Amino acid sequence: MNLSFTEEQILLKDSISKFCSTDYDFESRMKSVNSEKGYSPEHWRMFAELGWLAVPFSEEYGGLDGDQVDLSVVFEEFGKSLVVEPYLSNIVLAGGVLRRINWAEKGTFIEDLVSGSKQISLANYEPQKGYNLSNIDTAIDADGNLNGSKSTVLNATNADYFLVFTKNIDSYAFALVPKDAEGIEVKGYKTYDGFVSGELVFKNCKPEALISDENSLEVLENVILDALVCICSEAIGAMEKSYQLTIEYTKQREQFGQSLSKFQALQHRMVDMFMETEYAKSFLIKVLATEDDNEKVKLTYGLKNQISKAGKQVGEEAVQLHGGMGVTEEMSIGHYLKRLMVIANIFGSADYYLSKYIEK
Amino acid sequence: MNLSFTEEQILLKDSISKFCSTDYDFESRMKSVNSEKGYSPEHWRMFAELGWLAVPFSEEYGGLDGDQVDLSVVFEEFGKSLVVEPYLSNIVLAGGVLRRINWAEKGTFIEDLVSGSKQISLANYEPQKGYNLSNIDTAIDADGNLNGSKSTVLNATNADYFLVFTKNIDSYAFALVPKDAEGIEVKGYKTYDGFVSGELVFKNCKPEALISDENSLEVLENVILDALVCICSEAIGAMEKSYQLTIEYTKQREQFGQSLSKFQALQHRMVDMFMETEYAKSFLIKVLATEDDNEKVKLTYGLKNQISKAGKQVGEEAVQLHGGMGVTEEMSIGHYLKRLMVIANIFGSADYYLSKYIEK
Amino acid sequence: MDLNFSKEDMAFQEEVKDFLDKEYPQHIREKMDNGDDLTREEIVEWHKIVAKKGWMGHSWPVEHGGTGWDATKRYIYLRELAMNGCPLFIPFGLQMVAPVIWTFGSQKQKEHYLPRILNFDDWWCQGYSEPGSGSDLASLKCKAERVGDEYVINGAKIWTTLAQHADWIFVLVRTQDTGKKQEGITFILVDMNTPGVEVKPIITIDGDHEVNYVFFNDVRVPAENVVGEEGQGWTYAKFLLFHERSSIAGAPQMRRAVNALMKRAEKIYHGDNPLSDDPSFKSKIAQFNLDLDALEMTELRGLAAEREGKGPGPESSLLKIKGTELQQRITTLALEAAGHEALPFGGPYGFKNEEISSPKIAQISAAKYLNFRKVTIYGGTNEIQKNIIAKAVLGI
Amino acid sequence: MDLNFSKEDMAFQEEVKDFLDKEYPQHIREKMDNGDDLTREEIVEWHKIVAKKGWMGHSWPVEHGGTGWDATKRYIYLRELAMNGCPLFIPFGLQMVAPVIWTFGSQKQKEHYLPRILNFDDWWCQGYSEPGSGSDLASLKCKAERVGDEYVINGAKIWTTLAQHADWIFVLVRTQDTGKKQEGITFILVDMNTPGVEVKPIITIDGDHEVNYVFFNDVRVPAENVVGEEGQGWTYAKFLLFHERSSIAGAPQMRRAVNALMKRAEKIYHGDNPLSDDPSFKSKIAQFNLDLDALEMTELRGLAAEREGKGPGPESSLLKIKGTELQQRITTLALEAAGHEALPFGGPYGFKNEEISSPKIAQISAAKYLNFRKVTIYGGTNEIQKNIIAKAVLGI
């Protein structure tokens, strides 16, 4: 039994932690959020240089052969500083598909992701069709053209390519479509936690490539499972920071002649926040350390359920205990809540995953 | 719109309240509980003399023509002192059937209930068959004999008669069986909240009378609805007393050099107890004041759900805030919790009634 | 016990319905139903319509131009408005400063301000909290010095709702620095156009500009603008805070929101079945309805007590706590139900990204959720409300 | 990261299983599985079996006769015992007084008491709380006066678990009245047969006789029975309290209970379908399993930290709070599931009314529920645990 990080993982963690504490204070984060692209290309370049974009990919393509634990380490640190750079969309989602899929030409695309020179977004969800991954209408027609709509395409406005999950005759496939292909429309928007996302509409769009791996659906499922673990790790980082910020704030804020942190009712609630965070961490470790595939899938559903609820509780309590200041855009704490609520509901809600956990 | 009690109701309330505060302290209550019959026959005679046993019956039989609000008043006061006398089983359940049923000879039985000279228990539930009232196996055979088993027959060991809900050819009926009839076996037991109850087994038992009103099932349903409102009222009385006892206890109990009641975390939890009680009261009033039958049934289901949860919360918090003393048999607070938990689960749980509320 | 209205009340209810059918402007109705922000002009328009009908003073005594309605009529009126989704009245003049003026103000103040409030000629805002004094309101530092016939105000107020639209502000200022902190506070009325008054927006996490800083920099105000006595402001402030809390529960609005959510859930799919069929979702909706019943009845019990001359007590804290918690739970479930369709976000309510497939109601669910984080904080945090109940009701 | 045991650990696990298969007596197993109370003799019998195997000192260092196991082995051992439903070890000697004796006691005390504890020759109980001092333990008043070579003890202790069976009691007494209340407390060992020691039962709401008052009336105890230094008892008491908390979570027992409940629910009908098909019931069971996963992993994280020489920290408070809350939620659901079949009640665990149709497990569910109310109270209430975390972990 081994619940510890490897030395490499500790180095990775320290490297991100150091970067965030020097280059990623709240003010510079908000500057990135409010910039045109919604993230800092300079930071992205640094991520590439520091090797973070290489984490999950095989050495063959310049990757570091990292596993889920490595990704979890990255995201927990990201969560503490609310990193907005498009790691999830490029590396975990699109990159996750590429590294799993059976496709001869994938090497150059992965190398471009690792170097940060190209961005790719995964497009699999569709408007009003929920979270069951096979529930899609987008299809390749007899002429090989793509038709349909995709929603919640994370980082859509920054993507050079889209990996579009599509029906293909009797099976599923991924269509690779450049952003400026004919017959594609990209409708971008800001998300309420400060990221960018978008919707795509395809009308007789000819993909640059059609990747018709017969295991496409299974690949997608595994990618989403990975993504769940990543965002849950991120949430844990955000929760930890949230209760720490709350402790700091209540320590310095005085009311009725003493620090807020001295009021027992508030103390007990901060203890609850701390406990929720610790138990969430324990559950994450359970998932990371479980080796049986089937069990791991079930536990990952459970993780999303637990983190969604714990993140919401910790985030909301943090804002509440900050009082009026907690709901202002100028303080960081509200932004932690926003990210925690997005994590709670993206890819499916707590209830959705509890059902899946029970069914599995 | 009128949310007030009538003058008669206020008199009734005061009369019970006065009796309880003079004759029904915790010690004498426990003496009754631990006596052979599990209640005080002397108190029961006084209840009759004070006219309380007459409340819901029509004047024709010596009753007071009271309505559900009157019963609610009785039970809320009973709840405050954890009255163990068999009012629910005799007056609300068996009496409730008798006063609703179409049966020429019911008069003498009702009069005996009103005078307290006879006791009757309703027997409708059956072992392992849940709470759906029509789900019974007990039946009258071709010879007019009763066969089957009944469980949760409240006050069984004190009953002179049983009103047994039974199948009768294609319909339902109530069989009236004296306690010493041939073919009946009464297996009594103490309940964990200090009441008595029992199970019945019938083997070719000839009833003294078979009341084959075609509306028997509907009568039973209405009786149980009445009973729900009564025990919920009782729970509210018990909740009110529970938070009051907790306030008193924490005021006098000192730890770390000050009264427990001065610790803010505990204060907020006592406020929660108070709020739950007040909102439970409001919901009860909503049920009592609703006139539309269909709506009232739905709301009664909702009431049982709400009270089950609120009673549990208030009862458990009361014990917790009493610390070690709270779990001792010698203090009254634990007995409030026991009664609240019985009320929470008898006739069906919070979840059972939430489902019925949603379906209705 | 019964919940029936008297014949007279039922006739009144019809009158209100009729008024709304005829006078509630379609363009405002549509915006409200869609969750769009109203402009200042539209808000004023609606208030003027009600004023013209003579129904602005629904909680006012007749002698000051109010309707003099009893609690039941008031309840019927406000419920009908809420059920039609009408804009809430701006409370700062109508429900907050007005009772202070008619209770503690001079004859001249009454004659000048009250009719203008009733007619919504002035838009009022509130200068209570300060950057350093939140829950501990009495520790306020904004200072007013008497200089001749004037007071000179210096300091800052925070959380001033819609100050950007306001004509007047009522302000708690410190006129004396010695003694207990509750002493030496004065209640004064300030024209927002007075030189030295500066409004600075506070953007909240929902992206909205609803609250503000108001800075006072050598603001000179006539001494006659003091309400009541100098140094007695804390008494008036408590009187007013109390009025604020009792009108905050908002059950009919919540009922509307719950019904809308349940209806919308029929078309929402997370998995294979509509969300409206999901047992957990149905349980939550049922629980909302049950809680709303209890909340409404608690309000009605308060009204009944008021009719019997008992007047509202600290139970208003009880309404505030449960009401705001319920508001938050409802907006939370709406956000959860919207799922990733809640992601598109361009700021506050007004924003709907027309090009995006996600329904408008989903697109505003995050802003609503975020906006409603404040309700357990403002008007005295729910923690403070619990302290109040502990002390005033439970005696601990 | 992985959860796999090493080959050596897996072999050890087999050894434990094998031991239990062969040596865990059938008559005790049956009683435990049925939820029946064990007699004093049966409890001693089980302890002696374990002692004979040499596995009593599972948390003891080798030098005092312990197994010297690492955290993983200890975990495996205790989990196997729990999964087989074995009786819990009486902790007062084994886990509580023993570490105090080997850490602070004299050589003579170590030699005398420790082997007897390991062999369960003496049944120990704990004299800590007093009627007037619950959470505020240091305010204790039970007094010991030095008279020659003896201490004379007068006072009362409360909540003494199974004192009616005990041979020895370790007691916190006040040997000095001046100074801080934490000072002047002494830790002393008392033979329960000493004249003047009187045990009076406390019946708890589950009808059980598990705890007691222990009165001391001029009880004369040899001075050599003092552990460590006179007046230093508070230090030892804190050391011990800490040991108590860290062995309280009990996840495997809970897992057993949850599985049993889920299984039984297949045969329970509240409405038309088995309870095991009810969405709300299934959600609760799922939530229990998720919480148990988190609880177990939190324990394992503690063990891992221990292995790395970090030693258990105040996280034990965290285990206590969540563990006991979960125990209560499980016993509550069992009671709810039993419904009115939980009504028959003749007192504590031992009682099952054989004649009543209601299943035994339903009949004990109320006693279990009621018994488990204590777990959030004893060993330092959960409120106290939160105070500890606030101070020691969060620094507030």
Side-chain angles (χ1 to χ4, degrees), chain A residues 1-6 9 67-69 72 243-244 246-248 250-251 259-264 266-292 295 298-299 301-303 305-306 309-310 351 353-360, chain D residues 1-6 9-10 70-73 75-76 262 276-277 279 281-287 289-305 307-308 314-315 317-323 325-326 382-396:
Chain A
M1 190 162 35
N2 172 18
L3 304 181
S4 310
F5 292 128
T6 61
Q9 284 159 355
D67 61 10
Q68 202 180 49
V69 182
S72 172
Y243 82 71
Q244 287 167 349
T246 306
I247 289 171
E248 276 169 39
T250 57
K251 268 178 159 172
S259 298
L260 278 184
S261 66
K262 289 296 170 204
F263 289 90
Q264 195 193 29
L266 307 190
Q267 285 186 342
H268 282 200
R269 285 163 65 177
M270 287 188 267
V271 169
D272 289 339
M273 294 165 71
F274 162 72
M275 290 203 301
E276 285 306 316
T277 307
E278 284 301 308
Y279 278 98
K281 258 188 225 178
S282 292
F283 202 95
L284 172 65
I285 292 174
K286 170 97 185 180
V287 173
L288 294 176
T290 294
E291 295 193 333
D292 177 80
E295 177 71 6
K298 182 174 168 98
L299 287 170
Y301 297 153
L303 177 69
N305 168 271
Q306 295 293 286
K309 289 187 286 188
D351 282 348
Y353 280 104
L354 189 65
S355 297
K356 285 182 81 84
Y357 174 84
I358 290 170
E359 280 161 25
K360 183 85 188 177
Chain D
M1 286 192 187
D2 65 79
L3 293 169
N4 303 330
F5 292 129
S6 68
D9 288 336
M10 278 166 76
D70 65 13
T72 309
K73 279 216 174 63
Y75 174 78
I76 289 170
M262 188 63 201
S276 55
D277 286 351
F281 183 81
K282 284 197 290 188
S283 286
K284 287 175 192 171
I285 293 283
Q287 188 57 55
N289 280 316
L290 293 165
D291 283 342
L292 278 168
D293 284 338
L295 193 70
E296 278 168 358
M297 286 308 297
T298 307
E299 268 188 299
L300 288 174
R301 284 169 67 200
L303 295 182
R307 267 198 310 275
E308 289 169 19
E315 293 79 13
S317 295
L318 207 134
L319 287 175
K320 182 181 177 210
I321 294 171
K322 277 277 180 180
E325 283 176 1
L326 190 50
N382 283 17
E383 290 75 29
I384 292 288
Q385 307 299 338
K386 287 193 181 179
N387 290 348
I388 291 172
I389 295 176
K391 194 172 167 188
V393 185
L394 306 187
I396 48 178

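Computed from a prediction, not measured in an experiment: that's the story for all the values here. Throughout, a chain's letter reflects where its sequence line sits, starting with A, and its residues are numbered from 1.
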**Student:** Passes side-chain contact (heavy atoms from CB on, under 4.5 Å), Ile396(D) versus Lys251(A)? Steps please.
**Tutor:** CA-CA 7 Å; Ile396(D) 48 178; Lys251(A) 268 178 159 172; 4.1 Å; yes
**Student:** Less than 4.5 Å apart, side chain to side chain, heavy atoms only: is that true for Asn4(D) and Asn2(A)?
**Tutor:**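 Counting from C-beta outward, Asn4(D) and Asn2(A) never come under 4.5 Å.
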**Student:** Looking at side-chain heavy atoms only, is the closest gap between Gln385(D) and Val271(A) below 4.5 Å?
**Tutor:**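 No, every pair of side-chain atoms sits at 4.5 Å or beyond.
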**Student:** Short question: side chain of Tyr243(A), backbone of Leu394(D) - any donor-acceptor pair under 3.5 Å?
**Tutor:**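 The answer is no, because no donor-acceptor pair under 3.5 Å joins these two groups.
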**Student:** Just give me the residue among Leu266(A), Ile247(A), Asn305(A) that pairs up with chain D most often, heavy atom to heavy atom, under 4.5 Å.
**Tutor:**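 Most pairs with chain D among the choices: Ile247(A).
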**Student:** Side chain, backbone, both or neither: which part of Glu296(D) has a heavy atom under 4.5 Å from chain A?
**Tutor:**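 Contact with chain A involves the side chain of Glu296(D) alone.
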**Student:** Are any of the side-chain nitrogens in Lys322(D) or Glu276(A) under 4.0 Å away from the carboxylate oxygens of its partner?
**Tutor:**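 Salt bridge: yes.
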**Student:** Search all heavy atoms of Gly302(A) against all heavy atoms of Leu290(D) and return the closest pair with its distance.
**Tutor:**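 That closest heavy-atom pairing would be CA-CD2, 3.6 Å.
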**Student:** With a cut-off of 6.0 Å (strictly less than), are more than 12 heavy atoms of other residues, nucleotides or ligands near NZ of Lys360(A)?
**Tutor:**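 Yes, enclosed.
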**Student:** For chain D, which of Val69(A), Asp67(A), Asp272(A) has the most heavy-atom pairs under 4.5 Å?
**Tutor:**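 Of the options given, most contacts go to Asp272(A).
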**Student:** Among Gln68(A), Gln9(A), Gln306(A), Gln244(A), which has the most heavy-atom pairs under 4.5 Å with chain D?
**Tutor:**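 When all of Gln68(A), Gln9(A), Gln306(A), Gln244(A) are compared, Gln306(A) has the most.
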**Student:** Against chain D, label Lys281(A) side chain, backbone, both or neither, depending on which of its atoms sit under 4.5 Å from a heavy atom there.
**Tutor:**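 The answer is both parts of Lys281(A).
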**Student:** Are Thr6(A) and Met1(D) close enough that some pair of their side-chain heavy atoms sits under 4.5 Å apart?
**Tutor:**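 Thr6(A) vs Met1(D): side chains apart.
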**Student:** If you tally heavy-atom pairs under 4.5 Å against chain D, which of Ala289(A), Ser4(A), Ser261(A) wins?
**Tutor:**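 Answer, by heavy-atom pair count under 4.5 Å with chain D: Ala289(A).
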**Student:** Start with the C-alpha gap between Met270(A) and Ile389(D), add the side-chain angles, then the distance that decides, and say whether side-chain contact (heavy atoms from CB on, under 4.5 Å) holds.
**Tutor:** CA-CA 10 Å; Met270(A) 287 188 267; Ile389(D) 295 176; over 6 Å; no
**Student:** Check whether the side chains of Gln264(A) and Asn387(D) place a donor and an acceptor atom closer than 3.5 Å, and report yes or no.
**Tutor:**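 Indeed, the side chains of Gln264(A) and Asn387(D) share at least one donor-acceptor pair under 3.5 Å.
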**Student:** Can you tell me how far apart CG (Asp293(D)) and OG1 (Thr290(A)) are? Round to the nearest 0.5 Å.
**Tutor:**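 The OG1 atom of Thr290(A) is 8.0 Å from CG of Asp293(D), to the nearest 0.5 Å.
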**Student:** Name the member of Ile321(D), Thr72(D), Asp291(D) that forms the most heavy-atom pairs with chain A at distances under 4.5 Å.
**Tutor:**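 The option with the most such pairs is Ile321(D).
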**Student:** Can you check whether Leu284(A) reaches Met297(D) side chain to side chain, under 4.5 Å on heavy atoms?
**Tutor:**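 No, too far: nothing below the 4.5 Å cut-off.
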**Student:** Could you check whether any side-chain heavy atom of Lys386(D) comes within less than 4.5 Å of a side-chain heavy atom of Gln267(A), counting everything from C-beta outward?
**Tutor:**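 No - every pair of side-chain heavy atoms lies 4.5 Å or more apart.
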**Student:** Is any side-chain heavy atom of Lys309(A) less than 4.5 Å from a side-chain heavy atom of Gln287(D)?
**Tutor:**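 Side chain of Lys309(A) against side chain of Gln287(D), heavy atoms only: contact under 4.5 Å found.
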**Student:** For the residue pair Ile285(A) and Arg301(D), establish whether any side-chain heavy-atom pair is separated by less than 4.5 Å.
**Tutor:**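 Result yes, sub-4.5 Å side-chain heavy-atom pair found.
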**Student:** Between Ala294(D), Ser6(D), Gly395(D), which has the largest tally of heavy atom pairs under 4.5 Å with chain A?
**Tutor:**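 Heavy-atom pairs under 4.5 Å are most numerous for Ala294(D).
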**Student:** Looking at every heavy atom in both Tyr279(A) and Leu319(D), which two are closest together, and how far apart are they?
**Tutor:**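 For Tyr279(A) versus Leu319(D), the nearest heavy atoms are OH-CA, 3.5 Å.
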**Student:** What pair of heavy atoms forms the shortest contact from Leu3(A) to Asp2(D), and how long is it?
**Tutor:**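 Here Leu3(A) and Asp2(D) meet closest at CD2-O, 4.2 Å.
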